[in-house]
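Shown next, in structure tokens, is the structure this report addresses.
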Amino acid sequence: MITSPLAAYNVTKSYRRRAVLRGVSFEAQRGEIVGIVGENGSGKSTLLRILVGLLRPDSGRVGVTGQLGYCDQQPQIFPDLTVAEHFAYFARAYGIAGDRGWLAMRDELLTRFRYGQEVNVRVNELSGGTRQKLHLSLALFHRPDVLILDEPFLAFDWDTYLQFWTETEALRDAGAAIVIVSHLAHDRARFTRILELRGGRLQ
Amino acid sequence: MRAPYVGTSAAMTARDLTRKRLVLALALAVPAVFFAVVFATTGDRLVPITLAAATGRVTLVEERRQSLLFISVAATSLISAFFASSLIQRQLDANRRLVLCGYRAAELIAARLAVLLGIIATTALYTWLALGLFSSPRFPGGVLLGLTVGAFVYGCYGLLVGTLFRNKLESIFAIVVLVNIDAGWLQNPIYYQNAASKWLIEALPAHYPSQVAYLAAFTSDRVGALVAYGLAYGTALLLAAIALYVRRMRITR
């Protein structure tokens, strides 16, 4: 029985004959920031895509409890919609568009991440870093119980990087379980623990 | 199916689409270019045509009028199919993220269908009005109905193609080939009357819409049953597209 907000048991995945995951098991508890590191091609993104449900494992079980926030390596956003329209669209998806509070949550996040005049700008007119910021903001703004991030800060400037940690640590303190995948783990002290994916297994 | 979810997605999809100004301009240009070419290359001589739905009866019609009508069905079919496949293929990963966040795949495709119906109505109306500048059909409302059903059937085909293929190139190929062979060639009644395998022509997507448009333009025959067959054909394609789309967007958690 899965009791943690995020858990994987004996997950395996192969692409044709190449085994990428060979029985990965781990749990993330409330109030934890778990880092998953590994070399390029070690299967980190495959593991995350299985955890969120975008990919089916060959065997094993995965469990996510509560609201999920997910930020893929590539920005999955709409180039011809504005920043504000993205928030409205995702508020509907999260089921909070009918609540009065979501606009305040959005505005707080917009202020903290210093979007400024870019709120009404279309994504295809934004810089790469701001697109990445929007991509991340959409995973954060409904205050998820489980947050899964794949290389979330590669395009950030220093201030945005620091703000990223402020937001993530606030969510952790509120009881969220957080998993961050990166091929490089800076600021190791910010993680509760760091696991390395090597040879298809977490160590 | 949750109506507010469909409404939000339809509004965002429409905004996303209407911001592609060049695409919209091209959509307006296609019927105009088709009409100009047909107008320049046809004359006013009378030609015999055989309509499948008129039990093989031979009707004498003006070459230019019949060609303009024929090309109208082809233009609306082509535009509708292109828009439909684009609606499905645009930002597929971002749409899958929406499913991950709480949308249902059926709500996303319902929103696209709502936008597509707007495109179908606009395209058919625009083409019909342009056709009216060159030709005066016997029952103009019936011709509009034929163009609308044609755009619907090919719009549903476009949705299916957009779901089947991940890349634009394959979709464009699948649309251009079928629209050209079907609406742009085999459904021409001048070709049909001497064709060997008529059953094949009658099985293609543009058959019923073309027959509706031709009957309304040149005869007094009823078109109700043909409209129903055309809508049923389009609905079958639509159901296949929905099933494939839901499968593709499925979340395994």
Side-chain angles (χ1 to χ4, degrees), chain A residues 2 6-8 11 13 48-58 60-82 84-98 122-125 131 134-135 138-142 144 146 148, chain B residues 1-27 83 86-112 114-115 119 162 166 168 245-253:
Chain A
I2 295 172
L6 175 63
V11 170
K13 181 72 184 174
L48 282 209
R49 292 174 72 79
I50 288 172
L51 287 176
V52 299
L54 290 174
L55 204 58
R56 184 184 291 278
D58 295 336
R61 284 185 304 142
V62 167
V64 176
T65 310
Q67 276 267 32
L68 174 70
Y70 172 61
C71 180
D72 195 271
Q73 200 170 356
Q74 300 296 327
Q76 295 163 330
I77 44 185
F78 299 89
D80 286 302
L81 296 182
T82 67
E85 286 165 348
H86 273 87
F87 278 97
Y89 208 170
F90 278 79
R92 179 63 72 195
Y94 290 132
I96 57 175
R122 289 184 207 170
V123 164
N124 57 16
E125 295 167 11
R131 287 181 201 188
L134 172 63
H135 184 43
L138 295 172
L140 290 174
F141 92 108
H142 63 304
V146 175
I148 297 177
Chain B
M1 189 82 72
R2 298 162 295 183
Y5 282 67
V6 177
T8 301
S9 182
M12 296 300 174
T13 304
R15 282 179 208 184
D16 191 38
L17 196 69
T18 52
R19 285 170 185 168
K20 294 283 182 198
R21 296 285 160 83
L22 185 62
V23 174
L24 296 177
L26 285 173
F83 271 114
S86 174
L87 282 173
I88 291 293
Q89 287 186 326
R90 284 166 69 82
Q91 285 82 50
L92 196 67
D93 287 338
N95 282 305
R96 195 144 187 239
R97 185 181 186 189
L98 286 171
V99 173
L100 201 62
C101 295
Y103 258 99
R104 295 171 189 156
E107 290 162 349
L108 292 179
I109 200 166
R112 272 139 197 80
V115 173
I119 293 168
R166 224 175 206 287
K168 283 181 189 168
Y245 188 77
V246 168
R247 184 178 162 78
R248 178 179 263 199
M249 304 293 272
R250 189 177 47 189
I251 299 298
T252 60
R253 256 189 298 127

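Naming: A, B, ... by sequence-line order, numbering from 1 per chain. Keep in mind that the numbers below use all heavy atoms, side chains included, and drop hydrogens, waters and symmetry copies.
For the side chain to side chain donor-acceptor pair (under 3.5 Å) test with A/Asp80, the passing option among B/Arg15, B/Gln91, B/Lys20 is B/Lys20; the others fail.
With a 4.5 angstrom heavy-atom cutoff, B/Thr13 touches chain A only via side-chain atoms. Only the side chain of B/Arg90 comes within contact range of chain A, with heavy atoms under 4.5 Å apart. Heavy atoms closer than 4.5 Å to chain B are found nowhere in A/Ala97, neither backbone nor side chain. Using a 4.5 Å cut-off between heavy atoms, A/Leu55 touches chain B through its backbone atoms (N, CA, C, O) alone. If you measure heavy-atom distances from A/His135 to chain B, the contacts under 4.5 Å come from both the backbone and the side chain. Contacts between A/Leu54 and chain B at a heavy-atom distance below 4.5 Å involve backbone atoms as well as side-chain atoms.
In this structure a side-chain-to-backbone donor-acceptor pair under 3.5 Å is missing from B/Thr8 to A/Tyr89.
Here the shortest heavy-atom pairing between B/Ala94 and A/Phe78 reads CB-CZ, 3.7 Å. Residues A/Leu68 and B/Leu100 come closest through the heavy atom pair CD2-CG, 4.3 Å. Of all non-hydrogen atoms in A/Thr82 and B/Arg19, the two that sit nearest each other are N-NH1, 4.1 Å.
For the atom pair B/Leu98 CG and A/Arg92 CZ, the distance stands at 12.5 Å (nearest 0.5 Å). The structure places CE of B/Met12 at 5.5 Å from CD of A/Glu85, a figure rounded to the nearest 0.5 Å.
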side-chain contact (heavy atoms from CB on, under 4.5 Å) assessment of B/Arg97 paired with A/Ile77: CA-CA 9 Å; B/Arg97 185 181 186 189; A/Ile77 44 185; 4.2 Å; yes

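Across A/His86, A/Gln74, A/Arg122, the residue that shares the most heavy-atom pairs under 4.5 angstrom with chain B is A/Arg122.
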